[in-house]
Participant: 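Quick one: structure below, then a few questions.
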Amino acid sequence: MLCARRLRGLGPAAAAGWRGRPGPGGLGAGRRARAVSTSWSPVGAAFNVKPQGRRLDLFGERRGLFGVPELSAPEGFRIAQENALRKADLLVERVCSMPPGPQTVLIFDELSDSLCRVADLADFVKIAHPEPAFREAAEEACRSIGTMVEKLNTNVELYQSLQKLLADKKLVESLDPETRRVAELFMFDFEISGIHLDKEKRKRAVDLNVKILDLSNTFLVGTNFPNKVEKYLLPEHIHRNFVVTGNHVIIDGLHADAPDDLVREAAYKIFLYPNAGQLKCLEELLSHRDLLAKLVGYSTYSHRALQGTIAKNPETVMQFLEKLSDRLSERTIKDFEMIRRMKMKLNPQNSELMPWDPPYYSGVIRAERYNIEPSLYCPFFSLGACMEGLNILFTKLLGITLYAEQPAKGEVWCEDVRKLAVVHESEGLLGYIYCDFFQRADKPHQDCHFTIRGGRLKEDGDYQLPVVVLMLNLPHSSRNSPTLLTPGMMENLFHEMGHAMHSMLGRTRYQHVTGTRCPTDFAEVPSILMEYFANDYRVVTQFARHYQTGQSLPKSMVSRLCESKKVCAAADMQLQVFYATLDQIYHGKHPLRTSTTDILRETQEKFYGLPYVPNTAWQLRFSHLVGYGAKYYSYLMSRAVASMVWKECFQQDPFNRAAGERYRREMLAHGGGKEPMLMVQAATC
């Protein structure tokens, strides 16, 4: 019933046109274009200046987060969830008392929307809001709505109202394809939640789902929790690389780019040192997922999770990963040997290649071979220039412009959050993107896309505009310069904007399948496709300008940067194969034959090749096990699909408007309302 999705970009290895398709699902279906606001300003300039503090307004109305009136204070979450639950009860009563028909699906979708509009917003606020009171209130709202969703997914009377529709052959044949698919997806939600079970087992399924939600939240918090050691345990000369408080050194990450081998080694061993509570949480999470899968009729959690995806089952996923690993094998060995030689050159006393080495030394190789020191590129990639580059690309490809809009008081959670209006040249306003781009204390170190409100056709004929958040971790501007991005940051920005445009351009009748509400191994295709644009010199030369002189980034530097991406690419991808395989094993046959750490060690040695480091437990930092459980392979499979779309549609001309319109019309407009491969085939034929 509830289809919230948070999509995270992976950086070096990773959650986009349409003209208005016929029928009620598109803006071309007789609805008026949204009016253009006179308060919008150019996007590039807006991101290269510090936000001007709002003028003191003692009497102005405080609108609440995202313009939701109730959310002007943390207590508003309780009001919002109570309103949503009350509305849900009324909709359930209504749909259960009416004869089956197309209206059944509309009410189901309205029910889903009323719950998602609170749960999706709360899902973001609970991890991103700087105030603990807001985070705690949002956490409670997530739990309350989540529990309601699981109860609805095992509500027999509600299920029967949908079953009557799908059991009537004439009624089903009268439904348009999108309505039929959405009805089938709602039915699928019932089935994987155990609607076929007896009352006692249905209650057990609800309890398991709620427990899984709690364990997931606990595990997610633990993945980012820093470790600390007493100062005397580390050489004094490396203390300055970490935060020191009293007699302790705080390690809050892997410091993968640190030039000093000892710093990276210390960070790796300390940050990944096993935490008994986190280990127990992961074991319980995996065990409860397996219990739920078996209870509702699946042999493993992976079999349950992969229903409806491109891959369809874990056997196909493992075949894909093993074949990819075999193809990468020789190139990965060569990459590791190249990295080993570089380490020996720079550190002959300690040349054994360890897991903390590849990110740093591959960067050194790229810089040396292609002279791509990030400091040479950053001045050309100011945040404003990069945003203008996206604007140029979307305008040429899709007829879309991004405008900065001043948010109202209380609408955003931090003063440096920017609000973008997404505007089509003929259709008008398509939706809003809130850009939470800058570092701050307690903000998760992840690049993510959050759906706050899904698009859908409302009963009055208007279209409910989608609202999303993009969350990055960029440095703030300084006194002397705007925010400057490394090439990797620029690529991540393009990746996440791919998710955002998928959300903006999905024009489905139902919010249940809007934008990124689609199979996970398809949801990453638009974002990874944007990485191809970010690495094409014809695109980059449109916007890369020195923030002081206005000089264009020389073509030779763009070419070197693009070529450098191929260095150690096999080793990078092999690492992702290892992660994806580990995810499949964890969600495969239970009970697991050995500990999660032993499985990590065996899988790392077989699918990656670098030695496991004793007394480390990387899996306890693997945050994707929550949102991408059994689906981490999606990045790799989506990359294969995105490569095909790029070659067929945009490689010859990345600004081809006809290709952009076809891409929008055939792929993005449908969200999850069509089978993924049918959309890909239609876009690439």
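Sequential numbering from 1 along the given sequence is applied to the chain's residues.
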Participant: Angle between ring planes, F108 versus F186, binned at 30° and 60°: parallel, tilted or perpendicular?
Facilitator: tilted
Participant: Should the ring pair H495 and H499 be called parallel, tilted or perpendicular, given that the plane angle runs from 0 to 90° and is split at 30 and 60?
Facilitator: perpendicular
Participant: How about T179 and R509: does a side-chain donor come under 3.5 Å of a side-chain acceptor?
Facilitator: yes
Participant: When you compare the side chain of R418 with that of F437, does any pair of heavy atoms fall below 4.5 Å?
Facilitator: no
Participant: Scan for salt bridge (Lys or Arg N to Asp or Glu O under 4.0 Å) pairs involving residues 142-159, sequence neighbours excluded, and state none if there are none.
Facilitator: R143-D214
Participant: Counting N and O atoms only, with roles assigned by atom type, does the side chain of N473 sit under 3.5 Å from a partner on the main chain of P444, one being a donor and the other an acceptor?
Facilitator: yes
Participant: Determine whether a donor-acceptor pair (N or O, by modelled atom type, separation under 3.5 Å) exists between the side chain of H476 and the backbone of Q439.
Facilitator: yes
Participant: In terms of the angle between their ring planes, are F77 and F134 parallel, tilted or perpendicular, with boundaries placed at 30° and 60°?
Facilitator: perpendicular
Participant: Applying the side-chain contact (heavy atoms from CB on, under 4.5 Å) test to T483, which of F381, Y547, F438 qualifies?
Facilitator: F438
Participant: Go through T508 and V182 one step at a time and tell me if the side-chain contact (heavy atoms from CB on, under 4.5 Å) criterion holds.
Facilitator: CA-CA 10 Å; T508 54; V182 171; over 6 Å; no
Participant: Starting from the C-alpha separation in whole Å, work towards a yes-or-no answer on side chain to side chain donor-acceptor pair (under 3.5 Å) for Y628 and E524.
Facilitator: CA-CA 12 Å; Y628 283 74; E524 292 296 330; 2.7 Å; yes
Participant: Looking only at non-hydrogen atoms, find the nearest pair between A119 and C142 and report the distance.
Facilitator: O-SG, 3.9 Å
Participant: Is the closest basic N to carboxylate O distance between K203 and D207 below 4.0 Å?
Facilitator: yes
Participant: Take a 6.0 Å sphere around NZ of K228 and say whether it holds more than 12 heavy atoms from other residues, nucleotides or ligands.
Facilitator: no
Participant: Between W413 and F66, how do the two ring planes meet: parallel, tilted or perpendicular, split at 30° and 60°?
Facilitator: tilted
Participant: Is it true that R78 and E140 have a side-chain N and a carboxylate O under 4.0 angstrom from each other?
Facilitator: no
Participant: If you count the non-hydrogen atoms of other residues, nucleotides and ligands that lie under 6.0 Å from CZ in F225, is the total more than 12?
Facilitator: no
Participant: Any heavy-atom pair between the side chains of L106 and E110 that's under 4.5 Å?
Facilitator: no
Participant: Is the count of non-hydrogen atoms from other residues, nucleotides or ligands lying under 6.0 Å from E93 atom CD greater than 12?
Facilitator: no
